[in-house]
Amino acid sequence: MAKTQSDLDRALNGDTRALARLLSAVEDESPRVREVIKDLLPRTGHARIIGLTGAPGVGKSTLTAALVGAFRAAGPRVAVLAVDPTSPFTGGALLGDRIRMQEHATDEAVFIRSMASRGHLGGLAAATPQAIRVLDAAGFELIIIETVGVGQAEVAIASLADSVVVLLAPGMGDAVQAAKAGILEVADLFIVNKADKPDAQQVVRDLRGMLALGTTEPGGWKPPIITTTATTGEGLPEVVTRLDAHWDWLAESGELKRRRHARAREEITALAFAALRNRVTRGGVDELAARVADGTLDPFQAAEDILDG
Ligand code: GDP
């Protein structure tokens with residue numbers, strides 16, 4: 001406890017090693033994290049969170065690096081959290097040392113960290129909001145959460161963001177695939193990357209066709225489609241402009257408040273369900289099962305007995 005606490009003090013004072021240790025504790029779901037979160041909570045709520053998702057190979061890392069540069073030029077401290085919900089491999093080395101991020105390695109106002117699932121399902125979905133809180137409290141004004149794919153877990157994690165960016169590219173992660181993953185609904189901004197490739201415009205057309213089916217309420221947000229070439233930085237200024245516009249819209253429309261409320265709701269529900277599941281599996285369910293199986297106890301009563309503790 002003491003160690004995690006002093007790491008908290010150090011991390012809040014800009015010590016990135018302490019910050020990294022704290023995030024490891026979060027990733028490991030260390031029981032000490034609960035106290036830390038409670039202590040840093042008053043310092044949270046200031047960061048702007050951008051989620052970036054898309055199939056492997058569409059150019060997420062390249063674009064993230066370019067985006068960090070573009071945002072840094074405007075001043076804020078930026079943290080990147082690369083999240084891999086499907087990989088059981090340990091974090092840290094997986095994406096964190098990525099060569100494309102090297103240009104920011106000496107910039108103290110940029111913090112890059114990867115988190116991978118430690119083998120149990122749902123663990124990372126629970127850990128990511130805590131990691132965001134830690135980075136937020138540590139004074140990062142912009143937090144980019146990058147996920148590695150377009151599955152359900154990635155969609156869930158991307159939904160933790162204030163602005164969700166979905167990245168597509170010709171030949172991979174096309175519009176149909178994104179639609180299947182249920183990601184069209186959560187996107188605030190579409191980027192068709194690799195605009196230097198001939199098929200990019202076709203991806204834009206497909207996407208437009210699919211989005212036309214949906215409707216936007218008056219005063220609502222219509223997700224723009226932006227084309228970029230992440231390798232040259234082409235289109236990046238427009239991405240920043242549109243993200244800023246979305247941020248303004250979030251604040252003005254009250255949607256930011258609504259989203260953060262919905263997120264907190266999801267989080268509480270998930271924690272409560274996890275606790276309940278724990279209680280059920282620990283609570284002598286086998287003993288009750290034996291009685292239900294031999295017909296001496298009805299299953300409704302058995303369930304009630306468990307919930308009553
Ligand atoms: P990720 O798996 O989504 O993170 O994709 P990466 O950022 O690792 O990029 C995958 C490959 O696509 C790399 O070889 C990049 O250099 C390349 N790439 C990224 N953006 C572009 C682009 O705009 N145009 C082209 N032609 N290649 C790109």
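In this text the structure is predicted, and so the values were computed from the model without any measurement. All ligand and atom numbering here is 1-based and tracks the order in the structure.
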Report the part of [X] in contact with ligand 1, treating N, CA, C, O as backbone and CB onward as side chain, heavy atoms under 4.0 Å; options are side chain, backbone, both, neither.
| X | result |
| --- | --- |
| Val58 | both |
| Ala195 | neither |
| Pro56 | backbone |

Heavy atom to atom 1 (P) of ligand 1, shortest distance: which of Glu146, Lys60, Lys197, Lys194 holds it? Lys60

Identity of the nearest option to atom 28 (C) of ligand 1, non-hydrogen atoms only, from Thr231, Thr229, Thr62, Thr64: Thr231

Salt-bridge present (Arg48, Asp244; N to O < 4.0 Å): yes

Among pairs that include at least one residue of residues 191-201, which meet side-chain hydrogen bond (donor to acceptor under 3.5 Å, both in side chains), considering only residues two or more places apart or in two chains? Asn193-Thr228

Using salt bridge (Lys or Arg N to Asp or Glu O under 4.0 Å), reason through Arg133 and Asp136 one step at a time and then give a plain yes or no. CA-CA 5 Å; Arg133 284 197 176 95; Asp136 183 359; over 6 Å; no

Decide whether an N or O pair under 3.5 Å exists between Ala230 and ligand 1. yes

May I ask you to check whether over 12 heavy atoms, not counting those of His46, lie within 6.0 Å of atom NE2? yes

Within 4.0 Å of some non-hydrogen atom of Ala55, the atoms of ligand 1 are 3 (O)

Please determine whether side-chain hydrogen bond (donor to acceptor under 3.5 Å, both in side chains) holds for the pair Thr53 and Thr147, giving the CA-CA distance in whole Å, both sets of side-chain angles, and the decisive distance to 0.1 Å. CA-CA 5 Å; Thr53 189; Thr147 57; 2.8 Å; yes

If the condition is salt bridge (charged side-chain N to carboxylate O under 4.0 Å, His left out), which residues does Arg205 pass it with, not counting sequence neighbours? none

